[in-house]
Amino acid sequence: MWGKKTKTYMSGKPAAIRYGTGSIAGFFSEDSVTLGDLVVKDQEFIEATKEPGLTFMVAKFDGILGLGFQEISVGNATPVWYNMVKQGLISDPVFSFWFNRHADEGEGGEIVFGGMDSSHYKGDHTFVPVTRKGYWQFNMGDVLVDGKSTGFCAGGCAAIADSGTSLLAGPTAIITEINEKIGAAGVVSQECKTVVSQYGQQILDLLLAETQPAKICSQVGLCTFDGTHGVSAGIRSVVDDEAGKSNGGLKSDPMCNACEMAVVWMQNQLAQNKTQELILNYINQLCERLPSPMGESAVDCGSLASMPDIAFTIGGKKFKLKPEQYILKVGEGQAAQCISGFTAMDIPPPRGPLWILGDVFMGVYHTVFDYGKLRVGFAESA
């Protein structure tokens with residue numbers, strides 16, 4: 001894709017990017033870039049000279065083509081997509097993704113710059129406006145398990161559509177509820193069990209007394225209230241810190257985290273009119289379904305038929321994922337292993353909680369990124 005050293009080539013200032021699974025360092029260069037039969041002139045890009053991290057060692061790709069907004073580009077470089085539009089190389093400022101879930105067919109999928117291929121989707125797309133330029137972020141509604149509300153996003157959640165994320169990521173509290181419903185094994189959290197046994201009744205009583213949920217964990221003494229939600233005393237998140245400075249390696253307090261999750265779970269159960277005893281038992285079960293520290297969870301391949309559908313509300317419409325769509329099967333026959341396509345990731349307020357609808361979702365739903373109208377659209381893949 002990149003040209004050989006030509007008379008258009010220039011190189012210069014140093015650059016570095018940190019990803020979720022590794023990082024790169026190198027320097028900025030500029031050259032013409034060929035995409036299909038289009039030639040994008042004067043395109044800045046990073047030539048990587050260091051790629052620490054296992055992902056890059058085993059990766060089957062040669063580079064990363066960022067399609068986010070310039071607001072998050074390193075060194076404020078103009079992304080290739082912006083230049084394609086600016087240089088008049090495409091008629092319609094839209095790009096779209098189709099992932100082929102039948103891997104044996106040879107063609108892994110298709111990205112169309114300048115429109116969409118109608119043979120790869122059914123019906124109309126449901127569009128939602130971009131709420132924050134950086135990633136392609138939009139508002140998502142309630143998450144449903146087997147048609148029942150989890151309540152977690154009933155008031156709205158922020159989500160991004162991201163082809164660079166393989167799984168579907170969401171807040172630990174809700175991913176744990178999904179894990180429990182699909183029978184995914186997790187790690188037993190003693191902090192979680194301690195919170196349930198020592199503070200469970202107190203938390204329930206406060207919820208029943210209609211205490212503001214965000215203040216409960218600070219009232220029982222497990223968190224400090226920061227004005228919007230409970231935080232572990234004196235700790236600020238890296239994501240909150242707009243300057244992006246490290247928070248000195250401080251980790252949030254597991255007891256405070258467990259309490260915040262218990263409040264979410266109890267609110268959901270109380271909304272379903274469950275008895276106090278049933279609620280405390282259920283919360284204790286959830287303590288055994290927390291995703292492993294890497295956020296992934298294994299499931300029994302034989303129980304796919306009994307697993308529920310999981311649905312996400314976008315633009316007022318429910319987008320369903322069936323078990324065979326959200327469970328990843330690795331290997332064949334007796335050696336096959338099944339992994340939950342849901343992974344836990346907590347991004348605190350004000351940016352979070354944030355859901356990442358990665359390839360597990362985009363494989364089922366053809367995705368359109370409309371740069372001209374600043375909106376994202378989803379339709380059933382074909």
Any non-hydrogen side-chain atom of [X] less than 4.5 Å from a side-chain atom of [Y]?
X      : Y      : answer
Phe99  : Asp359 : yes
Ile339 : Val330 : yes
Asn139 : Val128 : no
Leu328 : Val360 : yes
Tyr282 : Lys274 : no
Val112 : Trp98  : no
Val40  : Gln87  : yes
Leu290 : Asn179 : no

Hey, could you give me the [atom1]/[atom2] distance between [X] and [Y], rounded to the nearest 0.5 Å?
X      : Y      : atom1 : atom2 : value
Asp253 : Glu191 : CG    : CD    : 8.5 Å
Met266 : Ile283 : CE    : CD1   : 5.0 Å
Arg289 : Ser189 : CZ    : OG    : 14.0 Å
Ser340 : Ile327 : OG    : CD1   : 5.0 Å
Glu277 : Leu204 : CD    : CG    : 12.0 Å
Tyr121 : Thr367 : OH    : OG1   : 12.5 Å

Are the side chain of [X] and the backbone of [Y] linked by a donor-acceptor contact shorter than 3.5 Å?
X      : Y      : answer
Gln325 : Lys322 : yes
Thr211 : Leu207 : no
Ser73  : Glu71  : no
Thr131 : Gln137 : yes

Pair [X], [Y]: side-chain N/O donor-acceptor within cut-off below 3.5 Å:
X      : Y      : answer
Asn268 : Gln272 : yes
Glu177 : Thr150 : no
Gln202 : Gln219 : no
Glu110 : Asn100 : no
Gln285 : Asn281 : no

Parallel, tilted or perpendicular: ring planes of His125 versus Phe127, cut at 30 and 60 degrees: tilted
Any residue meeting ring pair (Phe, Tyr, Trp, His ring centres under 6.0 Å) with Phe152, in chain and number order, not counting sequence neighbours: none
Taking distance alone, no hydrogens or angles, what donor-acceptor pairs closer than 3.5 Å link side-chain atoms of residues 157-176 to residues at least two apart or in another chain?
{"residue": "Asp162", "atom": "OD1", "partner": "Gly164", "partner atom": "N", "Å": "3.2"}
{"residue": "Asp162", "atom": "OD2", "partner": "Thr165", "partner atom": "N", "Å": "3.4"}
{"residue": "Asp162", "atom": "OD2", "partner": "Thr165", "partner atom": "OG1", "Å": "2.5"}
{"residue": "Thr172", "atom": "OG1", "partner": "Asp346", "partner atom": "OD2", "Å": "2.4"}
{"residue": "Thr176", "atom": "OG1", "partner": "Thr172", "partner atom": "O", "Å": "2.6"}

Identify the two heavy atoms, one from [X] and one from [Y], that lie closest to each other, and give their separation to 0.1 Å.
X      : Y      : value
Gly331 : Ala336 : O-CB, 3.7 Å
Ala258 : Cys192 : CB-CA, 3.8 Å
Phe27  : Thr49  : CE2-CG2, 3.7 Å
Glu260 : Cys217 : N-SG, 3.4 Å
Val39  : Ser32  : CG1-CB, 4.0 Å
Ala262 : Ile203 : CB-CD1, 4.5 Å

Compile the donor-acceptor pairs under 3.5 Å between side chains in residues 306-320 and protein atoms, sequence neighbours left out, one pair per line.
{"residue": "Ser306", "atom": "OG", "partner": "Ser303", "partner atom": "O", "Å": "3.0"}
{"residue": "Thr313", "atom": "OG1", "partner": "Asp142", "partner atom": "O", "Å": "2.8"}

List the atom pairs, with distances to 0.1 Å, where a side-chain N or O of residues 74-84 and a protein N or O form a donor-acceptor pair under 3.5 Å, not counting sequence neighbours.
{"residue": "Tyr82", "atom": "OH", "partner": "Gln70", "partner atom": "N", "Å": "2.9"}
{"residue": "Asn83", "atom": "ND2", "partner": "Gln43", "partner atom": "OE1", "Å": "2.7"}

Audit row: Lys329, Glu324, salt bridge (Lys or Arg N to Asp or Glu O under 4.0 Å) steps and yes/no: CA-CA 9 Å; Lys329 208 168 183 181; Glu324 59 271 21; over 6 Å; no
Test of ring centre spacing under 6.0 Å for Phe95 and Trp136: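 When the ring centroids of Phe95 and Trp136 are compared, they turn out to be within the sub-6.0 Å range.
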Thiol sulfurs of Cys259 and Cys223 closer than 2.5 Å: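 Cys259 does not pair with Cys223 as a disulfide (SG atoms not under 2.5 Å apart), so no.
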Counting only pairs under 3.5 Å, give me each side-chain donor-acceptor contact of residues 370-382, with atom names and distances, residues two or more places apart or in other chains.
{"residue": "Asp370", "atom": "OD1", "partner": "Gly372", "partner atom": "N", "Å": "3.2"}
{"residue": "Asp370", "atom": "OD1", "partner": "Lys373", "partner atom": "N", "Å": "2.9"}
{"residue": "Asp370", "atom": "OD2", "partner": "Arg375", "partner atom": "NE", "Å": "3.0"}
{"residue": "Asp370", "atom": "OD2", "partner": "Arg375", "partner atom": "NH2", "Å": "3.4"}
{"residue": "Glu380", "atom": "OE2", "partner": "Lys122", "partner atom": "NZ", "Å": "3.3"}
{"residue": "Ser381", "atom": "OG", "partner": "Val364", "partner atom": "O", "Å": "3.4"}
{"residue": "Ser381", "atom": "OG", "partner": "His366", "partner atom": "N", "Å": "3.1"}

Lys215 atom NZ: more than 12 heavy-atom contacts under 6.0 Å: no
Sole candidate of Phe113, Phe138, Phe69, Phe97 that passes ring-ring contact (aromatic ring centres under 6.0 Å, His included) when paired with Phe369: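 Output: one option passes, namely Phe97.
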Electrostatic pair Glu44:Lys13 at N-O distance under 4.0 angstrom: yes
Charged tip of Arg132 within 45° of Tyr135 ring normal and under 6.0 Å: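 Negative - Arg132 is either too far from the ring of Tyr135 or too far off its axis.
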Full working for ring pair (Phe, Tyr, Trp, His ring centres under 6.0 Å) between Tyr326 and Phe342: CA-CA 7 Å; Tyr326 65 70; Phe342 298 105; 5.1 Å; yes
Pairing residues for Pro129 by the side chain to side chain contact (heavy atoms under 4.5 Å, CB included) criterion, not counting sequence neighbours: none
